Trainee: 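I'd like to ask you about the structure that follows.
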Amino acid sequence: MKKTLFATALATMTATGALADSFTLQSAFTGLPVLDPTAKRFVENVATLTSGEVEFDYLLAGELSPPGEIFDNVSVGAIDAAWSFAAYAAGKEPAAALFGSVPFGGDPLSYVGWLHHGGGLELWQELYAPHNLVPMACGVILSEAGGWYTKEINSPEDLQGLNIRIGGLGGAILGELGANAMSLPVGEISTSLETGRLDATELSFPLVDKLLGFDKVAKHYYFPGWHQPAGFIEFYMNKDKWDGLTDAQRTAIKVSCADANLYALGAAAGAQSAVLEEFRAKDVDVKRFPDSVMDALRAAADKVYADWSAKDPTFKKVIESYRAYAKSYNEYQALTDLN
């Protein structure tokens with residue numbers, strides 16, 4: 001009798017969709033401030049909005065897949081979904097870098113505006129489609145710091161020969177000025193600065209940088225984060241798994257990512273000043289790059305955009321789309337600026 005009742009209940013739950021589908025969600029990050037709480041909030045919101053029908057098993061970096069292998073693993077379905085940064089896929093698709101950040105691009109609002117109202121999301125989906133992935137922004141990132149340097153930077157010439165931990169477009173831009181862009185795991189950065197293997201590094205904004213102890217080994221903290229004035233954390237899912245969801249479940253994920261965009265930006269926006277004061281108390285020189293350095297970096301960025309566009313038609317298509325939206329956005333911003 002009990003077995004019959006259980007079988008009946010199981011059939012009813014299946015028919016109503018009450019049984020939960022559990023999906024692996026592999027993060028490319030460790031438990032960092034802002035990023036980790038945003039991911040957990042996303043997972044909780046999806047479960048709530050689907051009444052528990054869709055549950056993500058959120059895994060930190062390396063718990064199931066190394067960060068560099070997540071893209072391929074989700075593509076083939078070995079992992080269901082990812083919480084990552086699009087620039088990590090630039091080796092496969094150069095245009096992917098533009099969905100992580102746009103060096104010398106606009107503020108977070110302009111980035112989100114382009115994505116959802118300027119054709120950016122459609123281009124992103126088109127880019128990932130051959131890899132069997134469905135992407136979306138799932139956390140808007142505040143402008144990063146320009147980086148930590150073990151020596152003072154007074155002119156563009158001071159960048160020549162420096163070993164700097166930075167990747168993607170930012171690394172290519174610094175390379176134009178004679179710096180050596182390097183890719184290192186986060187856990188190796190502080191030691192590399194201390195031993196002289198690195199002369200500089202960028203990572204994130206002050207709240208995150210604080211955790212790595214950079215202030216102990218590099219005393220020059222530069223702004224602005226020209227390489228990432230705004231950024232996206234990406235959520236992407238294996239397309240076969242995505243297509244297997246109901247319309248309501250897919251909508252729940254999209255809505256949860258929209259919430260994550262606002263949450264991440266708000267969580268970071270008011271939390272940086274106190275950390276900067278802590279750095280200053282430890283004799284860290286917090287300052288802006290000289291104008292001559294910014295001018296040289298901007299010129300180098302223009303060259304990199306031109307070179308990459310010449311080599312990759314998709315990259316050219318994406319950056320031209322971004323610039324077209326930015327032109328309209330910037331005109332109105334200039335008219336309404338109170339300064």
Side-chain angles (χ1 to χ4, degrees), residues 22-50 54-71 73-74 79-89 99-101 108 111-112 135-145 148 165 167-168 184-190 201-215 225 228 230-237 252-276 278-279:
S22 182
F23 300 96
T24 47
L25 176 60
Q26 175 67 71
S27 176
F29 315 107
T30 56
L32 295 174
V34 180
L35 303 188
D36 186 55
T38 301
K40 291 176 178 175
R41 180 183 176 94
F42 164 78
V43 169
E44 182 178 345
N45 282 343
V46 171
T48 299
L49 291 173
T50 62
V54 177
E55 296 181 348
F56 284 104
D57 181 14
Y58 169 56
L59 303 164
L60 294 177
E63 289 188 349
L64 187 60
S65 170
E69 298 176 13
I70 295 174
F71 191 89
N73 282 329
V74 178
I79 298 173
D80 299 317
W83 184 264
S84 188
F85 186 62
Y88 295 163
F99 296 100
S101 66
Y111 208 15
V112 174
M136 65 192 74
C138 210
V140 177
I141 303 302
L142 192 72
S143 177
E144 292 192 339
W148 295 84
R165 190 266 186 190
L184 286 179
V186 171
E188 296 181 17
I189 299 175
S190 288
T201 186
E202 66 79 31
L203 182 64
S204 188
F205 38 71
L207 189 63
V208 173
D209 288 353
K210 173 185 175 181
L211 299 180
L212 280 298
F214 297 155
D215 55 295
Q228 188 171 321
F232 290 142
I233 296 302
E234 64 176 354
F235 167 87
Y236 57 83
M237 194 168 187
I253 291 174
K254 293 176 183 177
V255 168
S256 296
C257 277
D259 171 82
N261 287 338
L262 288 173
Y263 177 82
L265 187 59
Q272 308 306 321
S273 182
V275 182
L276 290 175
E278 291 181 33
F279 289 152

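Just so you know, these numbers come straight off a predicted model, no measurement behind them. The first residue of the sequence shown is numbered 1, and numbering continues consecutively from there.
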Trainee: Of the non-hydrogen atoms in Ala61 and Thr30, which two are nearest, and what is the gap between them?
Mentor: CB-N, 4.1 Å
Trainee: Where do Phe205 and Ser143 come nearest, in terms of heavy atoms and distance?
Mentor: CB-O, 4.1 Å
Trainee: Decide yes or no for Val74 and Gln26: does some side-chain heavy atom of the first lie under 4.5 Å from some side-chain heavy atom of the second?
Mentor: no
Trainee: What's the shortest heavy-atom distance between Leu211 and Pro33, and which atoms?
Mentor: CD1-CD, 3.2 Å
Trainee: Quick check: do Leu32 and Ser204 have side-chain heavy atoms less than 4.5 Å from each other?
Mentor: no
Trainee: Closest approach of Ser190 and Gly213, non-hydrogen atoms and distance?
Mentor: OG-C, 4.1 Å
Trainee: Is the distance between the ring centroids of Phe99 and Tyr236 under 6.0 Å?
Mentor: no
Trainee: Atom CG in Asn45, atom CD1 in Ile253: separation rounded to 0.5 Å?
Mentor: 12.0 Å
Trainee: Quick one: salt bridge (Lys or Arg N to Asp or Glu O under 4.0 Å) pairs with a partner in residues 55-64, sequence neighbours left out?
Mentor: none
Trainee: How about Met136 and Glu234: do any of their side-chain heavy atoms sit closer than 4.5 Å?
Mentor: no
Trainee: Can you give me the closest heavy-atom contact between Gly139 and Asn261, atom names plus distance?
Mentor: N-OD1, 2.6 Å
Trainee: Between the side chains of Thr24 and Asp80, is a donor N or O closer than 3.5 angstrom to an acceptor N or O?
Mentor: yes
Trainee: Looking at Thr201 and Trp148, would you say the former's side chain and the latter's main chain have a donor-acceptor pair under 3.5 Å?
Mentor: no
Trainee: Please tell me if the side chains of Asp209 and Gln272 come closer than 4.5 Å, counting only heavy atoms from C-beta onward.
Mentor: no
Trainee: At what distance, to the nearest 0.5 angstrom, does CG of Leu262 lie from SG of Cys257?
Mentor: 12.0 Å
Trainee: Is the shortest heavy-atom distance from the side chain of Phe235 to the side chain of Pro135 under 4.5 Å?
Mentor: no
Trainee: Name all residues meeting the ring-ring contact (aromatic ring centres under 6.0 Å, His included) criterion together with Phe232; count only those two or more places apart in sequence or in a different chain, and write none if there are none.
Mentor: Tyr111
Trainee: Who are the ring-ring contact (aromatic ring centres under 6.0 Å, His included) partners of Tyr88, not counting sequence neighbours?
Mentor: Phe85
Trainee: Any chance you could measure Glu278, atom CD, to Ser273, atom OG, to the nearest 0.5 Å?
Mentor: 10.5 Å
Trainee: For the atom pair CD1 (Ile233) and OG (Ser84), what is the distance rounded to the nearest 0.5 Å?
Mentor: 7.5 Å
Trainee: For Pro206 and Leu276, work out which heavy atoms get closest and say how close.
Mentor: CG-CD2, 3.8 Å
Trainee: Are Gln228 and Ile141 packed together at the side-chain level, in the sense that at least one heavy-atom pair is separated by less than 4.5 angstrom?
Mentor: yes
Trainee: Using the side chain to side chain contact (heavy atoms under 4.5 Å, CB included) rule, take Met237 and Phe56 through it: C-alpha gap first, then chi angles, then the decisive distance, then the call.
Mentor: CA-CA 11 Å; Met237 194 168 187; Phe56 284 104; 4.3 Å; yes
Trainee: Taking the six-membered ring for Trp, are Phe42 and Trp83 parallel (under 30°), tilted (30 to 60°) or perpendicular (over 60°)?
Mentor: tilted
Trainee: Got Val34 and Thr38 here, is their nearest side-chain heavy-atom distance under 4.5 Å?
Mentor: yes
